[in-house]
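This is a predicted model, so every value here is computed, not measured.
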Amino acid sequence: MSKERTSLSVSVRRHFVDGFFFSHKKLFSPGKKIVDIGGKKDNKRGLFDIGIYGAEVKYVNIDRTTNPDIVSDAAQIPIPDSYCDIVIMGELLEHVPEPKKALKEAHRLLKPGGIALITVPFMVGIHADPHDYGRYTEAFWKNASGDAGFKIMEIERQGTIFAVAGLMLQHLFLAKGVSWRPVQFPLIKFLMWLDKKTVAPQLTAWTTGYGIILTK
């Protein structure tokens, strides 16, 4: 089996996160202004890199090792109102103690008609960065987005119970300190194949997280 690094080999969750942003890459064209809140200019976890599409990107992060353009908390960013066309919040909101405040700040930064692209985990292990505060359901994100002034364009569930099982399997191998690639990778690919076939509500109620598209 190929040892090429893919989003799926990073993690099942990253597979969905990268896929979400790759699917919207046409939005990141030259001339667009983007604020990536919590984004990493350096030391990226996945394969997606918004910087290659020609848009003007400002990275906002509290972690100086990621080489941010602005070092700032997500709820109080020193950027003028109605500054950008797109706000990105990828796997950020679980790491802020009050996600509704961060959503309101994203709304403030956007021009009228601007778009927020957000990913948030759900059935995912606790991961401090530097802290991990919560997991929220689709109902919460609908409520919080509306309270922040957004219109909801889409909230997609990213994976079913089989994707969750694949993610757990990856962490089990990591905990053992071995990869066992000939065993691990075929099992995960089989689970991901089952994931695409799954429609039963009892099984789709389990998800690795959500991809959210909002507009101002």
(request) Test D63 against every option in N67, T65, T66 by the side chain to side chain donor-acceptor pair (under 3.5 Å) rule and name the one that passes. (result) T65
(message) So, applying side chain to side chain contact (heavy atoms under 4.5 Å, CB included) with H24, which one of I88, I50, L117, I115 is it?
(response) L117
(message) Is it the case that the side chains of E94 and H127 hold a donor-acceptor pair, with the cut-off being a distance below 3.5 Å and no angle test?
(response) yes
(request) For atom CG of L172, decide whether the heavy atoms of other residues, nucleotides or ligands shown that lie under 6.0 angstrom number more than 12. (result) yes
(message) Let me check something: do F48 and F16 share a hydrophobic cluster, defined by ILVMFWY side-chain heavy atoms less than 4.5 Å apart, either directly or through other members?
(response) no
(request) Please report the closest heavy-atom contact between R45 and V10, naming both atoms and the distance. (result) O-CG1, 3.6 Å
(request) Apply the test side-chain contact (heavy atoms from CB on, under 4.5 Å) to residues K111 and K216: give CA-CA distance (whole Å), side-chain angles for both, the deciding distance (0.1 Å), then the verdict. (result) CA-CA 7 Å; K111 298 174 182 177; K216 180 173 179 177; over 6 Å; no
(request) Take V87 and H107 through the test side-chain contact (heavy atoms from CB on, under 4.5 Å) and record every step on the way to the result. (result) CA-CA 8 Å; V87 166; H107 186 273; over 6 Å; no
(request) Under the side-chain contact (heavy atoms from CB on, under 4.5 Å) rule, what do L109 and I37 come out as? Steps first, then yes or no, please. (result) CA-CA 11 Å; L109 296 178; I37 308 174; 4.2 Å; yes
(request) Indicate yes or no: at least one non-hydrogen side-chain atom of L214 is less than 4.5 angstrom from one of M153. (result) no
(request) Answer yes or no: is there a donor N or O on one side and an acceptor on the other, between the side chain of R135 and the main chain of G209, under 3.5 Å? (result) no
(request) Identify the two heavy atoms, one from D81 and one from R108, that lie closest to each other, and give their separation to 0.1 Å. (result) OD1-NH1, 2.6 Å
(message) Would you compute the distance between atom CZ of F122 and atom CD of E138 and round it to the nearest 0.5 angstrom?
(response) 10.5 Å
(request) Supply the atom-to-atom distance M89 CE to H95 NE2, rounded to the nearest 0.5 angstrom. (result) 12.0 Å
(request) List the atom of T119, the atom of F20, and the distance in Å for their closest heavy-atom pair. (result) CG2-CD2, 3.4 Å
(message) I need the minimum non-hydrogen distance between F173 and V183, along with the two atoms involved.
(response) CZ-CG1, 4.4 Å
(message) Testing the basics here: between Y59 and G51, what is the closest heavy-atom pair and its distance to 0.1 Å?
(response) OH-N, 3.9 Å
(request) Decide yes or no on side-chain contact (heavy atoms from CB on, under 4.5 Å) for I86 and F28, but give the supporting numbers first. (result) CA-CA 8 Å; I86 299 168; F28 313 138; 3.9 Å; yes
(request) Side-chain contact test, heavy atoms from C-beta onward, threshold under 4.5 Å: evaluate it for L167 versus S11 and give yes or no. (result) yes
(request) Verify the cluster assignment for L92 and W141: are they in a single hydrophobic cluster under the rule of side-chain heavy atoms below 4.5 Å apart? (result) yes
(message) Counting only heavy atoms from other residues, nucleotides and ligands, does the tally under 6.0 Å from NZ of K40 exceed 12?
(response) yes
(message) Just verifying a value: how many Å separate D129 CG and N61 CG, rounded to the nearest 0.5 Å?
(response) 7.5 Å
(request) Rounded to the nearest 0.5 Å, what's the gap from CZ on F190 to CZ on F162? Could you check? (result) 8.0 Å
(request) Measure from the side-chain N and O atoms of D195 to the backbone N and O of G159, and report whether any donor-acceptor pair falls under 3.5 Å. (result) no
(message) For residues I212 and I34: do they belong to one hydrophobic cluster (side chain heavy atoms under 4.5 Å, members Ile, Leu, Val, Met, Phe, Trp, Tyr)?
(response) no
(message) Let me check something: do I188 and W193 share a hydrophobic cluster, defined by ILVMFWY side-chain heavy atoms less than 4.5 Å apart, either directly or through other members?
(response) yes
(request) Ignoring hydrogens and angles, state whether a donor on the side chain of Q158 or T208 is under 3.5 Å from an acceptor on the partner side chain. (result) no
(request) Let me know which of D36, D69, D49 forms a salt bridge (charged side-chain N to carboxylate O under 4.0 Å, His left out) with K41. (result) D69
(request) Taking the side chain as every heavy atom from C-beta outward, state whether D85 and L110 have any atom pair closer than 4.5 Å. (result) no
(request) Could you tell me whether the side chain of T207 reaches within less than 4.5 Å of the side chain of M123, counting heavy atoms only? (result) no
(message) If you count heavy atoms of other groups shown closer than 6.0 angstrom to CD of Q76, is the number above 12?
(response) no
(message) Quick check on K196: does its NZ atom have over 12 non-hydrogen neighbours (other residues, nucleotides or ligands) under 6.0 Å away?
(response) no
(request) Would you indicate whether K101, at its atom NZ, is surrounded by more than 12 heavy atoms from other residues, nucleotides or ligands within a distance under 6.0 Å? (result) no
(message) Nearest 0.5 Å, please: how far is CG in L93 from CD in E98?
(response) 12.5 Å
(message) Is it the case that the side chains of R14 and S7 hold a donor-acceptor pair, with the cut-off being a distance below 3.5 Å and no angle test?
(response) no
(request) Output the distance between atom CZ (R157) and atom OG1 (T137), rounded to the nearest 0.5 Å. (result) 9.0 Å
(request) Decide yes or no for L169 and L187: does some side-chain heavy atom of the first lie under 4.5 Å from some side-chain heavy atom of the second? (result) yes
(message) Whether the side chain of S145 engages the backbone of K142 through a donor-acceptor N/O pair (distance < 3.5 Å, no angle test) should be reported.
(response) no
(message) I want to check something: taking the side chain as every heavy atom from C-beta on, are V35 and I79 in contact at a cut-off of under 4.5 Å?
(response) yes
(message) In the structure I gave you, are the side-chain heavy atoms of I62 and P130 within less than 4.5 Å of one another anywhere?
(response) yes
(message) Do P30 and Y53 make a side-chain contact, defined as non-hydrogen atoms from C-beta onward lying under 4.5 Å apart?
(response) no
(request) Check the hydrophobic clustering (I, L, V, M, F, W, Y; side-chain heavy atoms under 4.5 Å; chains of links allowed) and say if I126 and V17 are grouped together. (result) no
(message) Does K25 have more than 12 heavy atoms from other residues, nucleotides or ligands lying within 6.0 Å of its NZ?
(response) no
(request) Could you pull out the closest heavy-atom pair between Y210 and I155, with the gap in Å? (result) CD2-CG2, 4.0 Å
